Participant: 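Sharing a structure here in C-alpha cells format.
Model, not experiment: these values are computed from the prediction. Side-chain atoms are counted along with the backbone in the values below, which use heavy atoms only and exclude waters and symmetry mates.
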Amino acid sequence: MLIIFQELTKNFEQSLLASLIKNDKKEEFEDLRKNLITQSSKEEFGDYQCNICLVLSKIYKKNPRDIASDFIKKLNKNKRILDLCKDLEIAGPGFINIKLKDEILIKEIKLNIKCPRAGVPLSSNNVKDRLPDKVVVDFSSPNIAKEMHVGHLRSTIIGDSISRIFELRGYQVLRINHIGDWGTQFGMLITQLKDLYANNLKEIDQIKISDLVEFYKSSKKRFDNESEFQERSREEVVKLQSGNTESTAAWNLLCNQSRKEFDEIYKSLNIKIKERGESFYNPFLKSVIEELDYKNLLVEDQGAKCVFLDGMTNKEGKPLPLIIQKKDGGFNYATTDLAAIKYRFNKAPDGDDASRIIYVTDHGQSNHFAGVFQVAKKANWIPENCQVDHVPFGLVQGIDGKKLKTREGDTIRLKDLLFEAVRRAKEDLLERLKNENRYETEKFILNTSRVIGIGAVKYADLSQNRITNYQFSFDKMLSLNGNTAPYLLYTLVRISGINRKNDLIDESKHSISLNYEHECEWRLIRKLLKFDEVIISIEKDLMPNRLCNYLFELCQTYNRFYDQVPILKEEKYKKISRLKLCDLTEKTLKLSLELLGIETLERM
RNA sequence: GCGCCUGUAGCUCAGUGGAUUAGAGCACCUGACUACGGAUCAGGGUGUCGGGAGUUCGAAUCUCUCCAGGCGCGCCA
C-alpha cells in the first residue's frame, strides 16, 4: 500500500502548501511535511491519519478543528483524494482520519497477488542501464582456530536476514565474512604447531577442529606462562608477515581446518557468505597510515601512532586514541577496519563500490566502531551519499539471566546448540505422532524436525529487539503457541491443507471480481497490504524483529479468518474470493520466512 | 571515574511525538469440535511505562538529572 500512501502524502502536501501560502507561512513547509500522514494508531480509526492541524493551530492561532474542517473541504475538491478515500473525518481535537475505499483495497490485493514480491517495490535506485546500489553486509566473523559459539549465532542470523531483505529490494548485496585470520595470535599458534609436529607440516592434515580448539587453549597457556615461547611467537608473527613460506603454509593449514568447520555450520543454517578475512586487507594497511599522516590526523603517543577521538575519554579523562599502529610497528584491528572501509567504498577494480556498509557485531564493539567511523569521516573516506551503520546486538543469556554457558561454565558450541534444538523438535514430533496415531516416514520426521528446530532457533533470535540481551530458552522457542516459529509454520500448514482439499480449478487467468463483506476478510486484507511498509521500515532501521511482529500479527489475523469464515463450503464466487486471500497470505508468509532464513513445510 | 546500552503487566517482551482504555505472548480460568489440521479461536485482568524535572496543545517515546543493571574503556578482535 506504499504507493497509495505516497500518493496521499503528495496530495496532502499540496493542500498544506496552499494553506501555508494563503496564511503567509510558506517557510514552515519543509518542516511540516515530515510525517504528514502516518499509519493509524488504531485499526478502528481508519487506514491513515493526519495530525497536522494541531500543529497548524499554533502557527495560525486558530482552533484546530476549524482548521481541519477547512483542510478537508479543500481535500474534497481534489479528484485523486476522492478516488482513493471513502471519507475524511475529523476526530478528537483535530485529527483527520483517512479511510480508503473498498475497491482501492481490492485493486491493491489483486496487484499483490500478481506480484512475486507480494507488493514490495524494488528500490528507487533500481533503474535500467545502471547497476543497482551495492550494500556490504559484514556479519558472522568467527575466528580461526576457535569454534563458533552462540555469540556468532546472532550476528550470523541477523546479518543473513538483513542481507535477504536488501536482496528482495533489488540491491546488489555483498555478504562478507570478515573472519579473524590474521594477527598476533597466529604467532603462538604456528609456534605451537611447529613444536608439536616438528616441522613436518604435512602430518597436521590429520588434525580435527576439536583438537584445534584444545590446541588454541594449550598454546595460549604456553604463551601466557613461558617467556621463551612468547619470544619465539613474536618472531613467528614477523616471519608470517614477511611472507615466509613455511609460516604461510602453517597458517594456511590452520585456516583450512577452521574453514571446514565453519562451512558445516553455515550449511546447516543455510547461510551464504563470502569469506574475506582480515588478511585480505594486509596490502592496504600501509597506505592507511600514510594517508592519515598526510592528512595530519596521526599523532605519535607512547610510541604508538594514533588518531585522537572527539568526545571520547579514557579512565584518566584524557582524549581516547584510536591506535592505528602499535609501538612495535604492527597493525591492529582498527587499521584493518579502516582499510576495509576504504576498500569497500572505493570504485572497482580496487574496491567494492559500495554505497552502504552494515556491520553486524555485538554491542561490546560499539565504541570501537564509533571511533573507526569518526576517523574514516575525518579522513574523508566515506563518500557523499554513502552510509556506514553499526548494527549492535545484546548478549545471549541463559534462563538464569547470565551469559549463556554450559553447566561446567564453558562456552556453548553452536554445533551442539543446533543439534539440541533439532533433537528436541524431533522428540516433540514423535510424541505427537504417537498421540495422533499417525505414521510418517523417517525422511519426513528428519526433515520436519530439522526445519522446526533450526527455524525455532532463528526465529527466537530474530523476533527480539536486537539491542537488548536475549534470553535463550529451548522450551519457549519450540513452544507450539505464542510468537514462535512452530506457530507460524502451522499457519502455513493449514493453508496447504485447504489447497490439498480444494477441487476448484484455478480460474485466476480470467479476470474475476473479488467480493468481501465479512469483518475478518477486511482485517486480513488490511494486514496483507501493510507488508511493503514493514519491509521499507526495516531497510531504514535494520530491525528484523519488526518483520517477526508483522508475521505473528498476520498469522493471528489469518487464523481468525480461518476460524470464523468458511472457505471451501462456500458458493463458487465467494470461495474464489476467499481462496485468493489464502493464496496471498501463503505467499506473504513464505516470502517473509524466507527473508528470515527459515524454511517452510506443507505438513508437520 | 568516563562512554555506550537497557529499565514497560507475575514472567518474556512489542511499542514509528498524538485519540477517555499503553499492547502481545506465556502462565491462570471459562467456553467453542458432525469442521478447511483444535498446534486453533472467543471471552476473562492486571501497569507509579525505574524516580524526578523540563520542552510541548500532547511524552513510554525528545532534553536534563538521579537510581538500578549490563557491556566497554591504550597497543586482543
Participant: Could you check which of B:C5, B:A14, B:G38 has an atom nearest any side-chain atom of A:R494?
Facilitator: B:G38
Participant: Select base, sugar-phosphate, or nothing to describe what A:E553 touches, counting heavy atoms under 4.0 Å on all strands.
Facilitator: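 Since no nucleic acid heavy atom lies under 4.0 Å of A:E553, the category is nothing.
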Participant: Let me see the working for A:F262 and A:I144 under side-chain contact (heavy atoms from CB on, under 4.5 Å), right down to the final yes or no.
Facilitator: CA-CA 9 Å; A:F262 298 157; A:I144 294 293; 4.3 Å; yes
Participant: From C-beta outward on A:Q464, which listed nucleotide comes closest to its side chain: B:U12, B:C57, B:A42?
Facilitator: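 Of the candidates, B:U12 comes closest.
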Participant: Given A:C53, which partner from the list A:I67, A:N63, A:I90 fulfils the side chain to side chain contact (heavy atoms under 4.5 Å, CB included) test?
Facilitator: A:I67
Participant: So what does A:P566 touch, heavy atoms closer than 4.0 Å: a base, only the sugar-phosphate, or nothing?
Facilitator: base
Participant: Does B:G70 have its OP1 or OP2 closer than 4.0 Å to a side-chain nitrogen or oxygen of A:T468?
Facilitator: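 Indeed not, no polar side-chain atom of A:T468 lies that close.
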Participant: Heavy atoms under 4.0 Å is the rule here; annotate nucleotides 17-28 of chain B 5' to 3' with B where the base is hit, S where only the sugar-phosphate is, and - elsewhere.
Facilitator: -BB---SSSS--
Participant: Side chains of A:N447 and A:R450: do they bring a donor and an acceptor to under 3.5 Å?
Facilitator: yes
Participant: Go through B:A42, B:G37, B:U40 for me and flag the one nearest to the A:N559 side chain.
Facilitator: B:U40
Participant: Heavy atoms under 4.0 Å, any strand shown: does A:V534 hit a base, just sugar-phosphate, or nothing?
Facilitator: nothing
Participant: Is the closest side-chain donor-acceptor distance between A:Y487 and A:N559 under 3.5 Å?
Facilitator: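 The criterion, which ignores hydrogens and geometry beyond distance, is satisfied for A:N559 and A:Y487.
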Participant: Between A:T335 and A:N332, do the side chains contain an N or O donor and an N or O acceptor separated by less than 3.5 Å?
Facilitator: yes
Participant: Quick check on side chain to side chain contact (heavy atoms under 4.5 Å, CB included): which of A:T491, A:N483, A:L489 does A:C555 satisfy it with?
Facilitator: A:T491
Participant: Indicate, with a heavy-atom threshold strictly under 4.0 Å, whether A:C582 touches base, sugar-phosphate, or nothing.
Facilitator: nothing
Participant: Quick one: is A:N545 getting a side-chain N or O under 4.0 Å of the B:C13 phosphate, OP1 or OP2?
Facilitator: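 So the side chain of A:N545 is outside the cut-off, no N or O lying under 4.0 Å from OP1 or OP2 of B:C13.
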Participant: Of all the choices, B:C73, B:A39, B:A77, which nucleotide is nearest to the side chain of A:Q365 once you look at every atom?
Facilitator: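 So the nucleotide nearest the side chain must be B:A77.
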Participant: What is the nucleic acid contact for A:I467, judged by heavy atoms within less than 4.0 Å: base, sugar-phosphate only, or nothing?
Facilitator: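 If one applies the 4.0 Å heavy-atom cut-off, A:I467 turns out to touch the sugar-phosphate alone, with no base involved.
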Participant: Is the ring pair A:F280/A:Y343 parallel, tilted or perpendicular, if the boundaries are 30 and 60 degrees?
Facilitator: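 Answer is perpendicular, since the angle exceeds 60°.
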Participant: Looking only at side chains, do A:Y281 and A:D337 share a donor and an acceptor under 3.5 Å apart?
Facilitator: no
Participant: Kindly express the pairing pattern of RNA chain B in dot-bracket notation, using | wherever a base pairs with another strand and counting only Watson-Crick or G-U pairs under 3.5 Å.
Facilitator: (((((((..((((....[....)))).(((((.......))))).....(((((..]....))))))))))))....
Participant: Check every strand shown and say whether A:L489 touches a base, only sugar-phosphate, or nothing at a heavy-atom separation below 4.0 Å.
Facilitator: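 Nothing: the residue A:L489, judged by heavy atoms under 4.0 Å, touches no strand.
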Participant: Measure the shortest side-chain to side-chain distance between A:F139 and A:I158 over non-hydrogen atoms and say whether it is less than 4.5 angstrom.
Facilitator: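 A:F139 does not reach A:I158 side chain to side chain.
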Participant: Thinking salt bridges, do A:D541 and A:R546 make one under a 4.0 Å N-O criterion?
Facilitator: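 Yes, A:D541 and A:R546 are salt-bridged.
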Participant: Taking side chain as C-beta onward, heavy atoms only, is A:T156 less than 4.5 Å from A:M148?
Facilitator: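 They are in contact (side-chain heavy atoms under 4.5 Å apart), so the answer is yes.
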Participant: For a quick check of understanding: with a heavy-atom distance under 4.0 Å over all strands, which category does A:N549 fall into, base, sugar-phosphate or nothing?
Facilitator: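 Here A:N549 touches the backbone only, sparing every base.
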Participant: Is the distance from OP1 or OP2 of B:C76 to the nearest side-chain N or O of A:Q185 less than 4.0 Å?
Facilitator: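 Negative; the distance criterion is not met.
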Participant: Enumerate the residues from residues 321-337 of chain A whose closest heavy atom to RNA chain B is under 4.0 Å, giving them by residue number; use none for an empty result.
Facilitator: A:P321, A:I323, A:K326, A:K327, A:N332, A:Y333
Participant: Which part of the nucleic acid does A:G180 contact within heavy-atom distance under 4.0 Å: base, sugar-phosphate only, or nothing?
Facilitator: nothing
